[in-house]
Amino acid sequence: NAGVTQTPKFQVLKTGQSMTLQCAQDMNHNSMYWYRQDPGMGLRLIYYSASEGTTDKGEVPNGYNVSRLNKREFSLRLESAAPSQTSVYFCASTSGPEDTQYFGPGTRLTVL
Amino acid sequence: AQSVSQHNHHVILSEAASLELGCNYSYGGTVNLFWYVQYPGQHLQLLLKYFSGDPLVKGIKGFEAEFIKSKFSFNLRKPSVQWSDTAEYFCAVGDTPDSWGKLQFGSGTQVVVTP
């Protein structure tokens, strides 16, 4: 039982490049989330998926898109990376709104 | 919109000292409350949570938190810290119902425990 896994662990991009961050969970959770963590700002929700087939914007969605590929997988795409998107990205999942969120190990992204 | 305040950004204390971290939130309705910890280089882990019932909640590693509804607070405490408690601590709040599990996080408190 791996929990929540994320790939890659580290990534360096140039401004304007695109990439997809992958997240998968093996806990049969319904809901999945993408957060970014910046120093002094805690974690901010980018997008979430309450259940398979649905996605919705969080607090800071601009510059990102998501896909809930199936119940296990939830990807985050940067179409045209900007230096302001340099951050650590965490994926999380939960079985429902009354349950704990479980976090992945994070992806450290640097945009030059 | 919900906001979460953690008043201490950095705390430095010696081993065996007591720790208390403050957390206040703005929403006056029903909330779910969490404290997460992030050890250096690791991902977030749940320390404890409050959904309902006894407002004094015990978590892992000797941590506890008290929910005071009238003060919109959920402060974290540990009577005697260890060097291994060096980490960043995040308070998080989920509005209910229909919040779909979305959490609002505080900005975090970096705790350094010196030997």
Side-chain angles (χ1 to χ4, degrees), chain A residues 2-7 9-10 21 23 25 27 29-61 66 68 74 87-108, chain B residues 1-10 21-27 29-53 57 59-60 65 87-110:
Chain A
V4 180
T5 57
Q6 292 182 235
T7 56
K9 285 187 169 53
F10 301 93
L21 282 65
C23 174
Q25 52 89 11
M27 296 175 281
H29 284 169
N30 293 315
S31 303
M32 299 184 73
Y33 309 83
W34 276 105
Y35 294 90
R36 58 178 289 173
Q37 182 183 26
D38 301 293
M41 301 187 75
L43 279 77
R44 292 179 293 168
L45 183 65
I46 305 171
Y47 269 94
Y48 68 102
S49 171
S51 60
E52 186 179 357
T54 69
T55 61
D56 216 334
K57 296 178 181 179
E59 183 184 352
V60 288
V66 291
R68 183 76 181 266
F74 188 38
S87 188
V88 181
Y89 292 85
F90 287 100
C91 178
S93 71
T94 181
S95 61
E98 297 296 314
D99 196 6
T100 303
Q101 285 191 21
Y102 294 87
F103 285 81
T107 294
R108 186 173 294 275
Chain B
Q2 177 72 267
S3 66
V4 181
S5 298
Q6 290 184 242
H7 311 297
N8 311 100
H9 298 293
H10 289 93
L21 302 181
C23 174
N24 287 90
Y25 61 94
S26 60
Y27 181 64
T30 303
V31 292
N32 294 334
L33 299 161
F34 305 82
W35 275 98
Y36 282 88
V37 61
Q38 187 177 29
Y39 298 105
Q42 297 189 26
H43 60 284
L44 275 77
Q45 303 170 43
L46 181 71
L47 269 181
L48 48 78
K49 62 185 179 184
Y50 173 80
F51 287 171
S52 63
V57 180
I60 60 171
E88 190 158 19
Y89 293 80
F90 294 94
C91 179
V93 180
D95 299 345
T96 62
D98 297 331
S99 68
W100 301 111
K102 291 183 291 181
L103 296 180
Q104 187 73 34
F105 282 81
S107 57
T109 299
Q110 183 68 51

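Letters A, B, ... are given to chains in the order of the sequence lines, protein chains preceding strands, and every chain is numbered from 1. Heavy atoms only: backbone and side chains are in, while hydrogens, waters and symmetry mates are out.
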**OP:** For A/R108, look at atom CZ and say whether over 12 heavy atoms of other residues, nucleotides or ligands are found less than 6.0 Å away.
**Re:** no

**OP:** Using non-hydrogen atoms and a 4.5 Å limit, figure out which bit of A/L45 sits close to chain B: side chain, backbone, both or neither.
**Re:**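 Contact with chain B involves the side chain of A/L45 alone.
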
Out of curiosity, [X] [atom1] to [Y] [atom2], how far, rounded to the nearest 0.5 Å?
X      : Y      : atom1 : atom2 : result
A/Q101 : B/Y36  : CD    : OH    : 5.5 Å
A/Y33  : B/L103 : OH    : CG    : 7.0 Å
A/T100 : B/Q45  : OG1   : CD    : 12.5 Å

**OP:** Could you pull out all residues at least two apart from A/D56 that satisfy salt bridge (Lys or Arg N to Asp or Glu O under 4.0 Å)?
**Re:**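 Result, salt bridge (Lys or Arg N to Asp or Glu O under 4.0 Å) vs A/D56: none returned.
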
Original post:
So which of B/H43, B/Q104, B/Q38, B/Q6 has the largest heavy-atom pair count under 4.5 angstrom toward chain A?
Top reply: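 Among the listed options, the one with the most contacts to chain A is B/H43.
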
Original post:
Of all heavy-atom pairs between A/G40 and B/S107, which one has the smallest distance, and what is that distance?
Top reply: O-CB, 3.3 Å

**OP:** Side chain from CB out, backbone as N, CA, C, O: work out which of these in B/L44 comes under 4.5 Å of a heavy atom of chain A, or both, or neither.
**Re:** both

